[in-house]
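All of these numbers come straight from a predicted model, not from anything done at the bench. Because only heavy atoms are used, hydrogens play no part in the values below, and waters and symmetry mates are left out as well, while side chains stay in. Quick note on labels: first sequence line is chain A, next is B, and so on, each numbered from 1.
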Amino acid sequence: MQLRKNIATSEDGFLFNPSTGDSWSANSMAAEWFAWLKEGRSREEIMDLITEKYEVERSRVELDWEDLMKQLQEARLLQS
Amino acid sequence: MDRPLTIAVTGLNAIDSPGPGVAVIRALREGLPAPLRIIGLSYEALEPGIYLHDIVDRSYQIPYPSAGAEVLRARLAYIHDREQIDLVIPNFDAELPNFIRISEMLRAMGIASFLPTPEQFEARDKINLNTFCRAHGFDVPDDRVIHRADELVSCGEAFGYPLVVKGRYYEATVAYTLEQAQKAFYALSGKWGLPIIVQQFIKGTEINIAVLGDGKGDALSVVPMRKLYITDKGKAWAGVTLEDDDLVAAGRKFAKASKWRSGCELEIMRTDDGKLFIMEINPRFPAWIYLTAAAGQNQPAALARLALGITVTPFGPYQSGKVFIRYAWDHIIDISEFQRMSGFGEG
């Protein structure tokens, strides 16, 4: 899954959808995920980066990933 | 030219439900070469723009639209004698018919303008909006033009509740019951006269689009904006520019369909399934028009150039994510300044 191309993100976790004018604030870890998503990294790559960087169990990261994707989907920020 | 370009502008009421004049002037000052002389044309002595001297150089009161076109022409001739106006930019819906009517006379006097034709002005009128939109393939809410309060009953049966009760020129109320609709009918007809327009309620996100049409079917600039903060009168107190091909296409389509010659504002409701309903088309710049300049498409300056016969090419991209936040400011003047305006009609 990829963020829609026109979604603006900032390093501190701010997202802006220029098509609707909606904006969101996310925490620093989500901000990192957004940056990696914008770089076009795959789900697996992002999982690897998170588990390595934060030394957390992969199952926990997967749960957080699914939760974040659900929120992004609801906010229509993902490419269809 | 050995004297400053002189532009007369109306709509100086920078209040909670603001006229566009101050924003138009701000954009003109930013987008046109100095020196620039701005003549404010006001209806009331307490329109704040009159007293903002870094915005307006000199102001004159003009007669209310109900006085008619000839009285307006005579007043503008008086002002022109003193100020040598090159261009006039009217900014109120209600004054536009008179300005349109005398535009050729003004041109003969040496005052340029860039206004819609009477036919264009009428086509987008609230009363004709539905017909215009359907003829040109725009989505538009169903509506009825009524003259009596008892006609609200059949409107309610046709549209269901809530429905929108709209004044002839300004203001609208969302009514959830027949009683609320009747109350709105009497309030709005008392203020703005008859008829009243009753419109089907459309649920969605409100978006406004500023369009500058060249009068030949092209839009030189289209800038969509979503309100982020709304006053109790439904006016934008903050807003952000949007980037959306469908919205820009709607603005271009309107310019093509109407051959609009001037600035205007499309009020759009975008439904959850992405349909763009045209709720209203205002025949002049909106009060948030400075945002177009901030986003890279200075519509008022481009209109001034068009009016003066200077070729204007369509703008390139504008910046999305540009936000305006309006603010209130207690401006201090001496009572003598107010006295000059209220007593002599100029100052």
Side-chain angles (χ1 to χ4, degrees), chain A residues 1-43 45-47 49-50 53-54 61-80, chain B residues 202-210 222-230 234-252 265-277 286 288 291-292 294-297 315-326:
Chain A
M1 290 205 226
Q2 293 294 323
L3 279 178
R4 285 169 53 182
K5 282 203 170 58
N6 65 341
I7 303 299
T9 59
S10 73
E11 286 178 4
D12 49 7
F14 184 77
L15 278 90
F16 173 65
N17 182 347
S19 179
T20 64
D22 291 323
S23 59
W24 296 265
S25 292
N27 63 22
S28 55
M29 183 177 283
E32 267 187 312
W33 291 25
F34 296 147
W36 288 327
L37 279 167
K38 288 282 275 189
E39 287 171 9
R41 291 181 187 268
S42 68
R43 177 183 187 276
E45 279 180 294
I46 294 173
M47 295 285 159
L49 285 164
I50 294 288
K53 184 170 179 181
Y54 294 97
V61 180
E62 283 176 353
L63 277 175
D64 286 349
W65 170 272
E66 295 307 327
D67 185 47
L68 180 64
M69 288 302 121
K70 192 177 166 200
Q71 290 184 51
L72 294 175
Q73 191 84 51
E74 283 170 1
R76 300 180 183 181
L77 295 176
L78 296 178
Q79 282 181 1
S80 52
Chain B
I202 302 291
K203 189 177 172 219
T205 304
E206 189 182 338
I207 292 162
N208 298 59
I209 308 175
V222 180
V223 180
M225 179 277 293
R226 179 181 160 192
K227 296 174 186 177
L228 295 176
Y229 190 96
I230 299 173
K235 304 296 173 186
W237 199 257
V240 59
T241 53
L242 303 180
E243 174 197 313
D244 186 290
D245 291 345
D246 291 343
L247 296 172
V248 173
R252 294 197 185 288
E265 179 191 36
L266 309 187
E267 293 185 7
I268 302 276
M269 195 65 80
R270 179 157 59 187
T271 58
D272 284 345
D273 59 356
K275 279 189 173 177
L276 302 178
F277 281 82
W288 55 273
L291 186 64
T292 66
Q297 298 194 354
F315 285 94
Y318 59 88
Q319 281 183 279
S320 62
K322 276 284 176 191
V323 174
F324 80 87
I325 304 167
R326 209 162 269 162

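Chain A forms the most heavy-atom pairs under 4.5 Å with one residue out of B:D246, B:D244, B:L247, B:D245, and that residue is B:D244. When B:T241, B:L242, B:V323 are compared by the number of non-hydrogen pairs under 4.5 Å with chain A, B:L242 comes out ahead.
With a threshold of 4.5 angstrom between heavy atoms, A:T20 approaches chain B through its backbone and through its side chain. With a 4.5 Å cut-off on non-hydrogen atoms, B:I207 does not touch chain A at all.
No salt bridge links A:R76 with A:D22; every basic N to acidic carboxylate O contact stays at or beyond 4.0 Å.
The shortest heavy-atom contact between A:F34 and A:A26 is CE1-CB, 3.6 Å.
By the 4.5 Å heavy-atom criterion applied to side chains, A:W24 and A:I7 are not counted as neighbours.
Screening A:L37, A:D64, A:L77 against A:M69 for a side chain to side chain contact (heavy atoms under 4.5 Å, CB included) leaves a single residue, A:L37.
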